[in-house]
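The chains referred to below are lettered A, B, ... by the order of the sequence lines, with proteins before strands, and numbering in each begins at 1.
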Amino acid sequence: MTEIPSKYNPAEAEGKWYDYWMKNNYFHSEPDDREPFTIVIPPPNVTGVLHMGHMLNNTIQDVLVRRARMQGKNACWVPGTDHASIATEAKVVQKLKAEGVDKRDLSREEFMKHAWEWTDKHGGIILDQLKRLGASCDWDRTVFTMDDIRYESVLKSFVDLYNDGYIYRGYRMVNWDPEALTTVSDEEVIHKDIQSKLYHVRYQVEGEDEFVTIATTRPETILGDSAVCINPNDERYSHLKGKRVIVPIANRSVPIIEDDYVDMEFGTGCLKITPAHDINDKEIGERHKLEVIDILNDNGTLNKEGLHYEGIDRFEARKQIVIELDEKDFLVKSEDYQTSVGTSERTGAIIEPKVSLQWFVAMKKLAGPALKAVMDDEVKLIPSKFKNTYRHWMENVRDWCISRQLYWGHQIPAWYYGSDHDDFVVAMTEDEALEKAKEKSGNKNLSAKDLHQDDDVLDTWFSSWLWPMSVFDGIRNPDNEEVNYYYKTNDLVTAPEILFFWVARMIMAGYYYRDQKPFDNVYLTGIVRDKEGRKMSKSLGNSPDPIGLMERYGADGVRVGMLFTSPAGNDLPFDEQLCEQGRNFANKIWNALRLLKSWKVDEKIDQPETAALANEWFSNRFTSVFAQIEKDFSNYRISDALMGIYKLIWDDYCSWYLEMIKPGYGDPVDGKTIAQAIEHFENLIKVLHPFMPFLTEELWHRIEERDADSALIVSQWPVIEYKANDEILNDFKRVEKVIAGIRTFRKQNNIPQKESLKLFVKTHEESSSHFDPIVAKLNNLESIEKTDDKVEGAYSFVVGSNEYFIPLEGAVDVEEQKEKIKEEIDYMKGFLKKVEKKLSNERFVENAPEKVVEMERQKQHDAESKIKVLEEQLAGL
RNA sequence: GGGCGAUUAGCUCAGCUGGUUCAGAGCAUCUGCCUUACAAGCAGAGGGUCACUGGUUCGAAUCCAGUAUCGCCCA
């Protein structure tokens with residue numbers, strides 16, 4: 001084996017081992033008779049680039065997958081991307097615009113050609129970036145929501161749901177993005193508080209001199225008013241019942257209606273009703289059968305209902321109409337007012353509520369089993385605090401508007417053959433549609449020319465909700481071997497923001513198609529924030545470049561840096577220092593092996609007692625900590641599991657164990673000890689492998705040469721073979737304190753380690769001398785002797801209620817020692833007082849469980865004897 | 001405005017069905033050390049009325065109520 005450099009070089013190891021893993025096909029999975037462990041990736045946008053959120057999310061997935069693989073399961077992590085219709089189309093439109101091409105001048109086919117070119121050019125970058133991170137995805141299975149199989153699956157599910165009566169076409173108030181010229185879902189609308197104005201406008205009562213005053217933040221919508229509404233209980237307006245008012249500027253006569261919805265306290269208690277442009281007004285309008293007057297064009301300008309404002313943008317029209325209202329004496333006053341408006345997540349444009357003909361999925365029935373599954377923990381949310389919000393959402397689920405006025409996506413498989421509302425058919429293909437149309441219309445002479453396919457595409461989520469099935473072709477071929485084997489999947493790792501519109505819908509789709517959940521566990525990660533707690537975003541420029549980070553700290557360093565402080569469901573305040581900690585850790589382990597490798601081995605010498613003891617202790621220590629790590633894993637406490645292995649390696653293995661077995665300088669190590677040390681080291685890096693795959697694989701092959709079958713990535717995860725011996729572990733805890741006591745003594749008195757010391761022990765409680773050889777070795781003691789008497793003129797300290805003495809001429813500062821002992825006595829007396837007070841409380845002794853009282857008595861006894869020892873010591877000085 | 005959740009060391013967080021594994025961990029800070037694996041290191045140390053106010057209890061960080069502050073979801 002070549003000499004090991006003193007620093008680990010991630011750049012060198014990472015490329016090498018990723019290629020090696022790929023070459024040997026370790027990531028690839030085929031159905032077999034092993035237990036499957038499946039994760040489907042939350043598909044990132046095909047043209048996106050890696051950001052910190054992806055890093056966190058995919059690191060967690062990789063940890064879970066790698067561990068499962070080592071546990072001997074058939075691990076399959078399916079990668080892929082989605083087409084992100086709005087975002088991608090917006091980018092393509094932008095690009096074309098820069099080239100002087102207007103989307104509206106292109107046919108669907110032409111536009112799609114550009115979109116595919118864009119996708120081919122930028123697509124998949126993110127997947128390559130995931131490889132840098134070490135993601136052990138089965139790349140042979142990479143899929144895309146718009147590839148042939150997925151495309152057909154999406155159409156099929158539309159047809160299936162339509163035939164089952166879940167999909168319908170209807171008028172709905174939708175969130176219209178006038179910039180993107182499409183509807184966006186409720187979830188894609190961001191509500192923002194803005195400073196606005198509340199305008200008080202008076203309407204003349206028809207045929208009278210009286211006026212009523214309404215308050216509105218959107219005076220331009222006056223042109224679309226179809227009523228004025230009062231609360232039936234409002235006595236101020238009771239004389240107006242049944243009358244009509246004249247809408248200013250429009251000069252239309254509209255009724256005064258009564259509805260409980262009106263808040264008598266708000267504004268003037270008198271509400272204008274504009275059913276086309278407000279969701280609540282629409283509902284009132286439906287109750288009172290009011291006319292719907294849409295005043296807006298799709299691009300946000302006013303249409304002919306806007307009269308002389310036709311063609312003017314809604315915000316400009318608002319300004320102008322206020323002036324006109326004022327000039328014509330309709331404006332009573334305007335006041336500052338804080339209001340909340342919806343803005344588009346994609347374009348930032350203010351969302352326009354708009355009545356429009358759209359396709360919907362009826363959700364109520366689909367939501368039933370999905371709600372139950374989560375409430376019954378059939379599908380576990382981690383952390384479970386999200387169950388509440390999930391339930392709230394599912395119990396108040398609204399129908400899902402799935403059509404989008406875009407080209408980039410799955411074109412809705414509906415064909416229109418006439419002008420009536422109902423003159424359409426839903427089918428997989430045009431041929432099929434024609435057959436159905438002929439049948440439905442009764443017109444045998446219909447031809448393909450008479451059919452027109454719906455221009456809209458489906459919401460991106462309408463493809464990703466099928467993801468856990470469609471990646472295995474389980475929609476088109478529900479009984480194929482793969483979907484039967486891999487579905488249901490095991491874990492899903494995603495962000496809470498999309499719990500509803502992705503996770504919940506996958507659960508619905510799972511029960512709808514297969515009557516089975518799509519996954520057992522949903523691990524919800526937090527949002528990666530910067531140190532100031534701001535969400536990382538491109539616009540703020542506060543996100544570090546992930547690739548740059550990996551170059552600086554190594555992929556492993558960044559992986560553990562992200563995981564050190566990220567309990568499930570909590571936001572992660574990212575700090576580059578965490579990556580540094582990760583890098584340092586890598587180097588620490590690196591040097592541990594470097595040390596082992598630096599020793600000459602002599603097979604002929606016997607194992608020293610210290611090494612045998614060290615091995616005994618560390619074996620138990622490993623077993624005990626590993627059991628806890630396994631528990632942390634099963635509770636999805638990934639950070640805790642990482643911290644567990646971190647401390648086990650750094651503190652227990654490096655700081656304690658290696659020091660215990662270290663041979664004298666220049667001396668060889670015996671064969672048995674080095675073999676045990678290597679074995680422990682191998683177990684440690686196995687457990688570490690899911691977190692730091694590159695470093696550990698590199699070390700694994702530096703321990704000894706291995707063939708492809710015995711690479712670390714496919715090695716066997718340790719198993720717990722026995723229960724750790726607590727007696728040994730507790731005994732050693734005491735030993736640590738003794739060793740620390742002696743170190744403190746050396747330090748205080750500037751006694752170098754080279755100078756050997758004698759230690760005397762006066763025992764007052766049962767105490768094992770099992771680890772004495774270790775104490776002697778680590779502290780360079782020439783002897784440890786029991787004594788019945790105090791050792792005069794010696795430095796002393798107390799561990800438990802045993803006294804330890806180190807005689808050394810002139811090294812003892814009596815006053816300082818006295819001070820220290822007094823302090824300790826004071827502390828113990830205070831403690832004893834508390835215990836005695838408890839025990840003298842009759843109600844405590846009567847009511848508390850016997851065990852608790854017994855424990856208090858024990859505490860009392862221990863404290864008393866310790867105080868006695870300390871006092872004797874003090875007296876002796 | 002309605003609902004949910006949080007508040008523990010300078011920072012990020014553990015702390016299960018109340019009781020010596022109850023006040024913890026990592027990082028940061030401070031003090032010594034270039035001791036032959038690692039200064040990307042070693043050995044130590046300090047640091048918290050468990051947000052506040054009441055209540056239940058023999059006993060509360062833990063259970064209950066209220067208050068304050070923050071976050072998320074919904075309107």
Side-chain angles (χ1 to χ4, degrees), chain A residues 4-8 186-187 191 263 266 279-280 340 342 383 385-393 395-396 398 496-497 499-500 526-527 529 531 533 553-554 557 561 564-567 569-575 577-599 632 635 637 639-640 642-644 646-647 650-651 654-655 658-659 662 664-666 726 729-730 733 739-748 750 752-754 778 780 831 834-835 837-849 851-856 858-859 862-863:
Chain A
I4 302 179
S6 72
K7 301 248 184 303
Y8 167 57
D186 292 343
E187 291 79 7
H191 290 271
D263 181 354
F266 183 81
I279 182 85
N280 297 307
S340 156
K385 68 177 177 187
F386 287 105
K387 276 168 81 173
N388 271 330
T389 16
Y390 181 90
R391 183 181 62 213
H392 185 259
W393 194 78
E395 282 174 350
N396 298 285
R398 275 173 296 176
E497 300 137 79
L499 181 58
F500 307 129
I527 296 166
R529 296 178 180 277
K531 268 199 276 188
Y553 301 104
F564 270 135
T565 57
S566 54
N570 277 26
D571 287 357
L572 187 155
F574 182 77
D575 188 341
Q577 209 182 334
L578 293 165
C579 298
E580 195 181 331
Q581 195 185 342
R583 181 198 62 182
N584 294 353
F585 182 45
N587 204 52
K588 181 73 189 176
I589 307 160
W590 180 260
N591 275 286
L593 182 67
R594 184 159 166 254
L595 175 67
L596 293 178
K597 284 287 171 187
S598 73
W599 295 336
D632 289 336
N635 293 322
R637 300 183 64 139
S639 288
D640 290 347
L642 171 60
M643 193 47 73
Y646 178 86
K647 286 195 282 188
W650 200 309
D651 299 340
C654 295
S655 296
L658 288 180
E659 293 302 325
K662 208 182 233 178
Y665 182 61
D726 287 334
L729 293 175
N730 289 331
K733 267 188 208 153
I739 291 170
I742 302 168
R743 281 177 177 161
T744 303
F745 168 74
R746 280 190 186 274
K747 196 174 162 176
Q748 278 173 357
N750 252 326
Q753 178 74 6
K754 277 179 203 151
L778 293 190
N780 190 15
F831 177 78
K834 255 171 67 185
V835 175
K837 195 179 158 201
K838 230 178 190 180
L839 284 167
S840 63
N841 181 344
E842 272 175 40
R843 284 188 297 180
F844 170 73
V845 180
E846 278 166 26
N847 293 321
K851 222 176 89 187
V852 174
V853 177
E854 192 43 51
M855 240 161 10
E856 291 299 313
Q858 187 61 44
K859 272 173 7 187
D862 289 350

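Here B:C42 presents its C1' atom at 15 Å from CD1 of A:I739, a figure rounded to the nearest Å. Nucleotide B:G3 holds its C1' atom 18 Å from the NZ atom of A:K387, rounded to whole Å. In this structure, A:F585 atom CZ and B:A40 atom P are separated by 17 Å, rounded to whole Å. To the nearest angstrom, P of B:C4 lies 17 Å from CG of A:L499. Rounded to a whole Å, the CD atom of A:Q748 is 10 Å from the P atom of B:A45. At whole-Å resolution of the value, CG in A:N591 and C1' in B:A40 are 9 Å apart. Spacing between atom CZ of A:F844 and atom C1' of B:A60 amounts to 14 Å, rounded to whole angstrom units. One can place CH2 of A:W393 at 11 Å from P of B:A75, the figure rounded to the nearest angstrom.
Remark: side-chain polar atoms of A:N780 are paired, donor with acceptor, to backbone N or O of A:K754 under 3.5 angstrom.
Among the heavy atoms of the strands, none lies under 4.0 Å from A:E395.
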Below 3.5 Å is the cut-off: list the nitrogen or oxygen pairs between protein and nucleotides 5-9 of chain B, distance only.
none

Polar atom pairs between nucleotides 32-36 of chain B and protein, under 3.5 Å, N or O only, would you list them?
residue: B:U36; atom: O2; partner: A:Y665; partner atom: OH; Å: 2.5
residue: B:U36; atom: N3; partner: A:Y665; partner atom: OH; Å: 3.0

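Distance noted for atom P between B:G48 and B:C34: 32 Å (whole Å). Comparing the P positions of B:U62 and B:G54 gives an interatomic distance of 14 Å, to the nearest angstrom. For B:G3 and B:G59, the P atoms lie 34 Å apart once the distance is rounded to whole Å. Across B:C52 and B:G10, the matching P atoms stand 14 Å from one another, rounded to whole Å. Here the separation of B:U20 from B:C63, taken at their P atoms, is 16 Å to the nearest Å. Across B:U35 and B:A43, the matching P atoms stand 14 Å from one another, rounded to whole Å. Rounded to a whole angstrom, the distance from the P atom of B:G66 to that of B:A25 is 35 Å. Nucleotides B:U7 and B:A51 have their C1' atoms positioned 6 Å apart, rounded to a whole Å.
Taking syn as a glycosidic angle within 90° of 0, B:U49 qualifies as syn.
When each of A:S6 and A:N584 is assigned the nucleotide of RNA chain B with its nearest heavy atom, A:S6 is the one assigned upstream, toward the 5' end. Position along RNA chain B of the nearest nucleotide to A:R843 versus A:Y8 favours A:Y8 as the more 5'-ward residue.
With sequence neighbours left out, A:D575 forms a side-chain hydrogen bond (donor to acceptor under 3.5 Å, both in side chains) with no residue at all. In terms of the salt bridge (Lys or Arg N to Asp or Glu O under 4.0 Å) criterion, A:K588 has no residue partners (sequence neighbours excluded). In this structure, the salt bridge (Lys or Arg N to Asp or Glu O under 4.0 Å) partners of A:K387, at least two apart in sequence or on a different chain, are A:D377. Residues that satisfy the side-chain hydrogen bond (donor to acceptor under 3.5 Å, both in side chains) test with A:N584, not counting sequence neighbours, are absent from this structure. Applying the ring pair (Phe, Tyr, Trp, His ring centres under 6.0 Å) criterion to A:Y553, with sequence neighbours excluded, gives no partner residue. Scanning for side-chain hydrogen bond (donor to acceptor under 3.5 Å, both in side chains) contacts around A:N587 gives an empty result, with sequence neighbours left out. Under the salt bridge (Lys or Arg N to Asp or Glu O under 4.0 Å) criterion, A:E854 pairs with no residue, sequence neighbours left out. Residues satisfying the ring pair (Phe, Tyr, Trp, His ring centres under 6.0 Å) test with A:W590, not counting sequence neighbours, are A:Y8.
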Walk along nucleotides 20-27 of chain B from 5' to 3' and tag each nucleotide B, S or - by protein heavy-atom contact under 4.0 Å, base first, then sugar-phosphate. B----SSS

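Interatomic distance, A:T389 OG1 to A:R391 CZ, rounded to the nearest 0.5 Å: 9.5 Å. A distance of 6.5 Å separates CD of A:E580 from CD of A:Q577, quoted to the nearest 0.5 Å. To the nearest 0.5 Å, atoms CG (A:L593) and CD1 (A:I4) are separated by 4.5 Å.
Residues A:N396 and A:H392 have side chains in contact (heavy-atom distance under 4.5 Å, counting atoms from C-beta outward). The closest side-chain heavy-atom distance from A:V845 to A:E856 is not below 4.5 Å.
By the 30° and 60° cut-offs, the orientation of the rings of A:F585 relative to A:Y646 is tilted.
Every stem involving RNA chain B, taken as at least 3 paired positions in a row under the Watson-Crick or G-U wobble test at 3.5 Å, is listed here: B:1-7 with B:68-74, B:10-13 with B:24-27, B:29-33 with B:41-45, B:51-55 with B:63-67.
Here B:G44 is the nucleotide among B:C58, B:C42, B:G44 with the atom lying nearest to any side-chain atom of A:R743. Here the side chain of A:D640 is nearest to one of B:G44, B:C42, B:A14, namely B:A14. Set against B:G44, B:C58, B:A37, the side chain of A:A740 has B:G44 as its closest nucleotide.
Distances shorter than 4.0 Å separate none of the side-chain N or O atoms of A:R746 from OP1 or OP2 on B:C42.
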Pair A:I739, A:E659 - check side-chain contact (heavy atoms from CB on, under 4.5 Å), show working. CA-CA 12 Å; A:I739 291 170; A:E659 293 302 325; over 6 Å; no

